[in-house]
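Taking it in order: structure first as structure tokens, then the write-up.
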Amino acid sequence: MPHLTIDYSNNLDASITPALLRTANAALLATGQFQEADIKSRAQGFDCFAVGTQDAARGFVAARLAILSGRSSQIKREVADALLAALEAAITDDKLELQISVEVVDIDRDSYAKRLRNRVG
């Protein structure tokens, strides 16, 4: 834990790359809330999307961070702010009106299961 999922519009000049995901992971690690190897991130781009009702040069990056329940609202806000700042710094696109958002959601700790399998070889 945590699981970071980033949805984005494919009209961005700057692509969402593994390097950008590692930057986001580093920002999450710097909050002191997570262990390095537990941070998992992935991204998915969308060709079919709409932002608002106008035919305008607009795009989006929507990050959803799922974490185990138990952290205070203040800590979740601090994590969201740190991730938002990292994404804003890493994603530059002067051709679009770009909306970048971060949502932090709880995963019920009692119903979450995880197993670590060590690599063989």
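Because the structure is a prediction, the values reported are computed rather than measured. By convention here, the first residue in the shown sequence is residue 1. Only heavy atoms go into these numbers, but all of them, side chains included; no hydrogens, no water, no symmetry mates.
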Q) Does the pair T31 and E78 meet the rule for a side-chain contact (heavy atoms from CB on, under 4.5 Å), with working shown? A) CA-CA 8 Å; T31 68; E78 290 169 3; over 6 Å; no
Q. Would you say S69's side chain and D106's backbone share a donor-acceptor pair under 3.5 angstrom?
A. no
Q.
Within a 6.0 Å radius of atom CZ on R77, are there more than 12 heavy atoms belonging to other residues, nucleotides or ligands?
A. no
Q) Is it the case that more than 12 heavy atoms not belonging to D108 sit under 6.0 Å from its CG atom? A) yes
When hydrophobic residues are tied together by side-chain contacts of less than 4.5 Å, even through go-betweens, does [X] share a cluster with [Y]?
X: M1; Y: L4; result: no
X: L87; Y: L12; result: yes
X: V61; Y: L84; result: yes
X: L68; Y: L83; result: no
X: L29; Y: V102; result: yes

Q) Which residue pairs pass the ring-ring contact (aromatic ring centres under 6.0 Å, His included) test when at least one of the two sits in residues 58-92, sequence neighbours left out? A) F49-F60
Q) Under 4.5 Å between any side-chain heavy atoms of D38 and K114, yes or no? A) yes
(Q) Using the side chain to side chain donor-acceptor pair (under 3.5 Å) definition, which of the options T23, N25, T5 pairs with S41? (A) N25
Q: Check ring pair (Phe, Tyr, Trp, His ring centres under 6.0 Å) between F34 and all other residues, then give those that pass, not counting sequence neighbours.
A: none
Q. Considering residues at least two apart in sequence or located in another chain, which fulfil the side chain to side chain donor-acceptor pair (under 3.5 Å) criterion with S9?
A. N11
